[in-house]
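Down below is the structure, laid out as structure tokens.
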Number of protein chains: 2
Amino acid sequence: MVSLEALRKKVLEQTKKKLSEAYTEKDRYVIQAIEALDDVDAVFNLLVARVREWYSLHFPELNTLVKDHEDYLNLVVTLGKRDNYNEEAVKAIVGKKLAPVVMNAVKDSSGTDISDDDIRMVQELARIALEARDYRKELVDYIDKVMEDVAPNVKYLAGPLLGARLIAKAGGLKKLALLPASTIQVLGAEKALFRHLTKGSRPPKHGILFQHPWVRNAKRWQRGKIARSLAAKLAIAAKEDYFGGKFIADKLKAELEERVKEIREKYREPPRKKTRGTRKRKRR
Amino acid sequence: MVSLEALRKKVLEQTKKKLSEAYTEKDRYVIQAIEALDDVDAVFNLLVARVREWYSLHFPELNTLVKDHEDYLNLVVTLGKRDNYNEEAVKAIVGKKLAPVVMNAVKDSSGTDISDDDIRMVQELARIALEARDYRKELVDYIDKVMEDVAPNVKYLAGPLLGARLIAKAGGLKKLALLPASTIQVLGAEKALFRHLTKGSRPPKHGILFQHPWVRNAKRWQRGKIARSLAAKLAIAAKEDYFGGKFIADKLKAELEERVKEIREKYREPPRKKTRGTRKRKRR
């Protein structure tokens with residue numbers, strides 16, 4: 001007879017194994033990574049805005065002159081006080097076109113003097129912002145790599161970041177593989193979909209699929225059609241990634257390209273406004 | 001006769017000087033610093049939450065065992081994978097009381113294996129979070145120092161951080177110095193005040209002054225009175241900091257202490273509920 005203790009132990013072990021299997025699914029790392037990417041973007045934006053406002057007490061003109069966030073932060077970190085600016089160093093960061101403009105602004109700046117303590121605090125913050133930006137680059141590489149491993153077909157069709165976002169939105173690769181294409185098409189547009197279902201507004205044409213360049217760069221009236229074709233191919237790709245394992249995305253992409261070309265040719269012009277009913281609504 | 005060019009130059013210089021003077025006011029640095037503190041706190045919370053969720057794929061038990069954020073992050077950064085945990089190293093971070101519990105959890109963890117790439121990304125993110133925390137400590141020291149310079153009286157009464165927040169809320173030391181005590185009392189409770197003025201709800205008893213330990217640690221029904229006394233003294237302190245320059249906060253604080261003692265003795269018991277009108281509203 002099995003002792004109660006032994007039985008208890010066995011059950012516990014089985015449960016743990018099950019839990020572990022659930023956790024092993026590599027797509028959970030994809031989800032964490034893509035959400036971390038959004039977090040890091042939020043962090044970067046917050047810190048950049050603060051550095052710009054703070055440093056503007058000392059050098060207000062720079063804020064409008066240097067639009068690029070990384071260039072701005074690099075100027076603050078490497079040069080600091082206005083007195084330290086020199087054409088050579090500025091040129092190395094912002095390029096030779098902008099450098100003379102910045103140097104001119106240095107001479108005529110209406111900003112206040114800044115103490116060593118003050119500037120050090122601003123520089124430290126700028127340094128953290130730059131680290132967040134560096135980390136973001138590593139993260140993009142990492143997602144690229146993991147997606148190749150987890151969902152190569154989805155990655156090939158949607159790109160690594162959009163693919164990862166789709167997996168995160170669906171709640172895992174398995175769930176994405178089980179979704180119908182029509183749902184994939186509007187993933188991320190839940191609010192608009194709900195508005196459509198309850199209030200009868202027009203249904204959304206795309207959710208995060210809008211981030212795909214083929215959809216985004218298409219003419220407004222072509223986007224819905226392209227998003228639908230893309231979603232259909234993605235549904236197949238996700239199923240293959242989860243259940244199959246072969247690489248079929250090149251074929252899918254070729255078919256999709258064909259279809260997109262068709263759409264672009266067939267719907268060159270915007271559709272005519274529907275006129276039915278407008279007359280009635282017209283004011284006298 | 002003055003040439004137009006010379007006149008233009010002169011006017012421009014004057015305007016710049018004025019602008020520069022406006023910027024020179026050191027309290028602007030206080031405002032930036034205290035707002036940066038809030039930003040850094042937001043960043044830290046965001047990153048800690050992400051690291052905890054991510055690392056929990058590998059070691060879920062640690063999340064509930066180690067509540068302290070810095071300890072948690074330090075474990076992730078210095079030890080990484082579960083395999084690297086050893087009692088000595090864990091003890092150095094979480095103390096000898098928690099260390100055996102953590103080591104037990106290591107043995108029995110239901111978490112999944114994690115690749116070198118995965119763990120590196122989590123560790124990097126944890127490292128950035130720890131840097132944000134280190135920066136926060138420097139920032140607190142910095143605010144302490146600048147407040148001593150800008151508003152020693154307000155700092156002595158309210159503490160450096162709350163003092164800086166009051167200056168930020170008012171929009172500068174000058175503005176704070178011109179505010180009546182009654183406004184200082186409810187700074188930061190604008191929403192409740194507006195609700196009071198428009199809908200007749202009860203007026204707020206304190207805004208950010210609630211952060212002062214004397215107010216926060218007082219009995220509920222004493223807080224309004226203590227906040228009012230504190231606000232009265234702060235109004236005097238701010239005026240002295242901006243217009244005067246003498247250090248009078250020790251005297252103010254002594255008077256305030258006296259008054260707080262009085263309040264504590266006089267209002268030991270919670271006030272009786274007002275009964276007027278309740279009978280009318282009672283249902284039959």
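Quick note on labels: first sequence line is chain A, next is B, and so on, each numbered from 1. Scope of the values below: all heavy atoms of this structure, side chains included, with no hydrogens, waters or symmetry mates.
- Contacts of residues 114-124 of chain B with chain A at a heavy-atom distance below 4.5 Å involve B:Ile114, B:Ser115, B:Asp117, B:Asp118, B:Arg120, B:Met121, B:Glu124, listed in sequence order.
- Remark: B:Lys169 NZ is loosely packed, at most 12 non-hydrogen atoms of other residues, nucleotides or ligands lying under 6.0 Å away.
- Counted within 6.0 Å of NZ on A:Lys174, heavy atoms from surrounding residues, nucleotides or ligands total 12 or fewer; the atom is thus considered open.
- Listed here is the closest heavy atom pair of A:Asp39 and B:Arg50: OD2-NE, 2.7 Å.
- Only the side chain of B:Ala42 comes within contact range of chain A, with heavy atoms under 4.5 Å apart.
- Taking chain B as the reference chain and counting heavy-atom pairs below 4.5 Å, the highest number among A:Glu53, A:His58, A:Arg127 is found for A:Glu53.
- Taking CG of A:Leu125 as the reference point, atom OH of B:Tyr135 lies at 4.0 Å (rounded to 0.5 Å).
- For residues 71-79 of chain B, heavy-atom neighbours of chain A at less than 4.5 Å comprise no residues at all.
- Smallest separation of non-hydrogen atoms from A:Tyr29 and B:Asp113: OH-O, 3.8 Å.
- Residue contact with chain B, scored on non-hydrogen atoms closer than 4.5 Å, involves the side chain of A:Val40 exclusively.
- Under the 4.5 Å side-chain criterion, counting only non-hydrogen atoms from C-beta, B:Trp54 is not in contact with A:Ile31.
- The structure places CG of A:Asp38 at 10.0 Å from CG of B:Leu46, a figure rounded to the nearest 0.5 Å.
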